Visitor: 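Structure incoming, see below.
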Amino acid sequence: MNRRQFFRSSAGALAGASALAGGEALAQAAKAARTATVTPATQAPLPPRRGQSYTPVVTLNGSTLPWKMNGGVKEFHLVAEPVKREFAPGFIVNCWGYNGTSPGPTIEVVEDDHIRIFVTNKLPEHTTIHWHGVLLPNGMDGVGGLVQPQIPPGKTYVYEWTVRSSGTHMYHPHADEMVQMAMGMMGLFIIHPRNPNFRRVDRDFAFLVNGWDIDPGTYTPNTATMLDFNIWTFNSRVFPGIDPLVVRKGDRVRVRIGNLSMTSHPIHLHGYEFKVTGTDGGWIPESAQWPEVTTDVPVGGMRSLEFVADAPGDWALHCHKSHHTMGPMGHAIPNMIGVDQSGVSEKIAKLMPNYMYMPMGEAGMAEMQDMAAMGMSLPENTLPMLSGEGPFGPIEMGGMFTVLKVREDIKRGDYADPGWYEHPKGTVAYQLD
């Protein structure tokens with residue numbers, strides 16, 4: 001079964017649920033929605049239905065939430081639950097999320113849609129969902145205790161309203177936020193314009209950035225951490241486990257970035273000048289857009305950037321805070337640059353024969369990549385500080401880093417990794433002998 005057949009079967013299962021009653025229908029719809037979200041790979045977007053026209057969002061290392069029509073209402077089902085998320089091959093984290101993953105699946109709607117979202121709580125504590133930046137009735141805003149009761153474990157609440165302005169938004173709890181958001185409870189909420197020609201693009205990508213404190217050998221994030229995080233992710237994936245953004249030359253591209261971490265992230269794209277075209281407050285008028293190569297995404301904010309993919313190649317896309325493109329490392333490591341460590345290993349071996357000391361850092365930390373490439377053993381359930389192999393050797397990145405891959409021969413709707421770019425002769429930097 002290919003992806004298209006799979007999504008059709010999932011949609012069929014959801015449509016069939018409308019013939020069932022009460023809890024049975026909810027259970028079947030929830031199962032179908034969850035099935036579409038458990039893989040860590042980027043899934044093909046769900047095409048628009050019901051006569052609507054828009055470019056569907058591709059959620060980096062994620063998926064789109066299926067829906068069904070019921071009497072003119074678009075119905076979605078989210079299940080808040082403990083999940084296991086693969087941040088990178090071999091690195092598994094105990095998270096809380098939605099429908100089997102963290103972040104949860106992306107919700108896509110269109111202006112003027114009347115929507116109904118069932119939220120079932122399978123967490124060990126109460127929760128709610130706040131629709132971040134979305135214009136809606138006050139009682140649907142999801143702030144526990146203020147505009148609604150908390151959703152107790154085992155119960156389902158219903159959120160229902162008519163969608164108004166288009167834009168890029170998020171969803172997350174407004175209940176025990178320090179714990180629930182630190183455990184990964186968040187997702188994207190995309191509202192497409194009613195007019196399909198308004199701000200139309202050929203490729204539309206989206207992801208959330210986040211920070212985690214996960215000590216080597218452990219599996220559950222420390223939710224009490226304020227700033228000293230050691231894992232930085234795009235959609236809960238760590239480079240080189242993050243998929244590329246695959247684009248056809250000449251496409252108009254949009255990248256939507258949301259930030260529910262506890263610090264800002266200056267997102268930088270190589271090879272292009274882009275324009276910042278939207279925030280979670282709405283679209284920026286063309287006369288007010290500004291050119292950038294780096295845009296800072298603030299805490300609790302979103303940015304949409306757009307460009308025409310006219311330069312083929314493999315272009316880096318990453319956070320420009322350098323420690324956010326690294327894997328786990330301690331925060332109390334001594335600075336050994338320029339320190340003569342010759343003979344230290346032998347002296348330590350005489351004092352502690354059963355202890356292996358490996359002098360590092362005298363000339364920088366790039367040797368960490370070499371050690372990882374040689375298969376240096378790591379503590380249980382963690383990652384190298386620097387990793388990733390490219391066509392010319394180690395890329396020496398980790399965390400918030402991926403690649404925009406622009407090619408002339410990419411077909412419309414194809415998001416498969418085309419491999420490394422083949423540079424025309426004479427266009428690669430070379431060593432002067």
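Quick note: residue numbers are just sequence positions, from 1. A quick note: this is a predicted structure, and the numbers were derived from the prediction, not measured.
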Visitor: Return all side-chain donor-acceptor pairs below 3.5 angstrom for residues 423-433, not counting sequence neighbours, or 'none' if the list is empty.
Guide:
unit_1 : atom_1 : unit_2 : atom_2 : d
T427   : OG1    : P424   : O      : 2.6
Q431   : NE2    : D433   : OD1    : 3.4

Visitor: Apply side chain to side chain contact (heavy atoms under 4.5 Å, CB included) to I92 and list each qualifying residue two or more places apart in sequence or on a separate chain.
Guide: K84, E86, N381
Visitor: Looking at residues at least two apart in the chain, or sitting in another chain, which of them share a salt bridge (Lys or Arg N to Asp or Glu O under 4.0 Å) with D243?
Guide: none
Visitor: Between T101 and V83, which heavy-atom pair has the shortest distance, and what is it?
Guide: N-CG1, 3.6 Å
Visitor: Below 3.5 Å, can you tabulate the donor-acceptor pairs from side chains in residues 277-288 to any protein atom, sequence neighbours excluded?
Guide:
unit_1 : atom_1 : unit_2 : atom_2 : d
T277   : OG1    : S304   : O      : 3.4
T277   : OG1    : E306   : OE2    : 2.9
T279   : OG1    : G281   : N      : 2.9
D280   : OD1    : M302   : N      : 3.4
D280   : OD2    : H132   : NE2    : 3.3
W283   : NE1    : S166   : OG     : 2.8

Visitor: Where the side chain of T218 meets the backbone of D215, is there a donor-acceptor pair that is under 3.5 Å apart?
Guide: yes
Visitor: Out of the candidates F274, Y272, F205, only one should pair with F307 under the ring pair (Phe, Tyr, Trp, His ring centres under 6.0 Å) rule; please name it.
Guide: Y272
Visitor: For the backbone of G100 and the side chain of E81, can you confirm whether one donor and one acceptor N or O come within less than 3.5 Å of each other?
Guide: yes
Visitor: Quick one: list whatever passes side chain to side chain donor-acceptor pair (under 3.5 Å) with Q52, sequence neighbours left out.
Guide: K74, D113
Visitor: Is any side-chain heavy atom of N61 closer than 4.5 Å to a side-chain heavy atom of F207?
Guide: no
Visitor: Restricting to pairs with a member in residues 173-199, which pass salt bridge (charged side-chain N to carboxylate O under 4.0 Å, His left out), not counting sequence neighbours?
Guide: D112-R194
Visitor: In Å, rounded to the nearest 0.5 Å, how long is the span from CE of M262 to CG of D228?
Guide: 11.0 Å
Visitor: Hey, what do you get for OG1 (T223) to CE (M183), rounding to the nearest 0.5 Å?
Guide: 7.5 Å
Visitor: Under 30°, 30 to 60°, or over 60°: which ring-plane class applies to H324 and H265, parallel, tilted or perpendicular?
Guide: tilted
Visitor: Please test I231 against F91 for side-chain contact (heavy atoms from CB on, under 4.5 Å), starting from the C-alpha separation and ending with a verdict.
Guide: CA-CA 11 Å; I231 303 289; F91 183 35; 3.9 Å; yes
Visitor: For side-chain contact (heavy atoms from CB on, under 4.5 Å), just list the numbers for Q180 and T127, CA-CA rounded to whole Å, side-chain angles, deciding distance to a tenth of an Å, and then say yes or no.
Guide: CA-CA 8 Å; Q180 295 188 13; T127 190; 2.7 Å; yes
Visitor: Is a side-chain N or O of E108 found less than 3.5 angstrom from the main chain of V57, in a donor-acceptor match?
Guide: yes
Visitor: Using the side chain to side chain donor-acceptor pair (under 3.5 Å) criterion, which residues pair with S236? Sequence neighbours excluded.
Guide: none
Visitor: Look up atom CG in L78 and atom CD1 in I107, then write down how far apart they are to the nearest 0.5 Å.
Guide: 4.5 Å
Visitor: For V147, what residues pass the side chain to side chain contact (heavy atoms under 4.5 Å, CB included) criterion, not counting sequence neighbours?
Guide: N138, D141, V143
Visitor: Any idea which heavy atoms bring Y98 and P105 closest together, and the distance?
Guide: O-CD, 3.6 Å
Visitor: Would you find a donor on one side and an acceptor on the other, under 3.5 Å apart, between the side chain of N259 and the backbone of P298?
Guide: yes
Visitor: Ring-plane angle category for F229 and W232, please: parallel below 30°, perpendicular beyond 60°, tilted otherwise.
Guide: perpendicular
Visitor: When you compare the side chain of V119 with that of I151, does any pair of heavy atoms fall below 4.5 Å?
Guide: yes
Visitor: Which atom pair, heavy atoms only, marks the closest approach of F239 to G388?
Guide: CE2-CA, 4.0 Å
Visitor: With sequence neighbours left out, which residue pairs that include part of residues 315-325 fulfil the salt bridge (charged side-chain N to carboxylate O under 4.0 Å, His left out) condition?
Guide: none
Visitor: Among residues two or more places apart or on two chains, list those pairs meeting salt bridge (charged side-chain N to carboxylate O under 4.0 Å, His left out) that have a residue in residues 397-410.
Guide: K249-E408, D314-R407, K405-D417
Visitor: Just checking, is any N or O donor in the side chain of R237 or T42 under 3.5 Å from an acceptor N or O on the other one?
Guide: no
Visitor: Would you please name every residue forming a side chain to side chain contact (heavy atoms under 4.5 Å, CB included) with H268, sequence neighbours left out?
Guide: H270, V293, T294, H318, H320
Visitor: The criterion is side chain to side chain contact (heavy atoms under 4.5 Å, CB included); which residues satisfy it with A416, sequence neighbours excluded?
Guide: D414
Visitor: Check for a donor-acceptor pair, side chain of N235 on one end and backbone N or O of P40 on the other, with a separation under 3.5 Å.
Guide: no
Visitor: Does any N or O in the side chain of T55 come within less than 3.5 Å of the main-chain N or O of V201, such that one atom is a donor and the other an acceptor?
Guide: yes
Visitor: Distance from W96 atom CH2 to K122 atom NZ, nearest 0.5 Å?
Guide: 15.5 Å
Visitor: Going from NE2 on H174 to CD1 on I129, what distance comes out if it is rounded to the nearest 0.5 angstrom?
Guide: 12.0 Å
Visitor: Can you give me the closest heavy-atom contact between V238 and G398, atom names plus distance?
Guide: CG1-C, 4.4 Å
Visitor: Determine the minimum heavy-atom distance between V247 and A309, stating which atoms define it.
Guide: CG1-CB, 3.4 Å
Visitor: Determine whether the aromatic ring centres of residues Y171 and F189 are separated by less than 6.0 angstrom.
Guide: no
Visitor: Rounded to the nearest 0.5 Å, how far does CG of L208 lie from CZ of F234?
Guide: 11.0 Å
Visitor: If only atom types and distance count, is the side chain of R85 paired as donor or acceptor with the main-chain N or O of S102 below 3.5 Å?
Guide: yes
Visitor: Looking only at atom types and distance, does a side-chain atom of R248 sit under 3.5 Å from a main-chain N or O of R203, one as donor and one as acceptor?
Guide: no
Visitor: Kindly give the heavy-atom pair with the smallest separation between T402 and P244, and that separation in Å.
Guide: OG1-CA, 3.6 Å
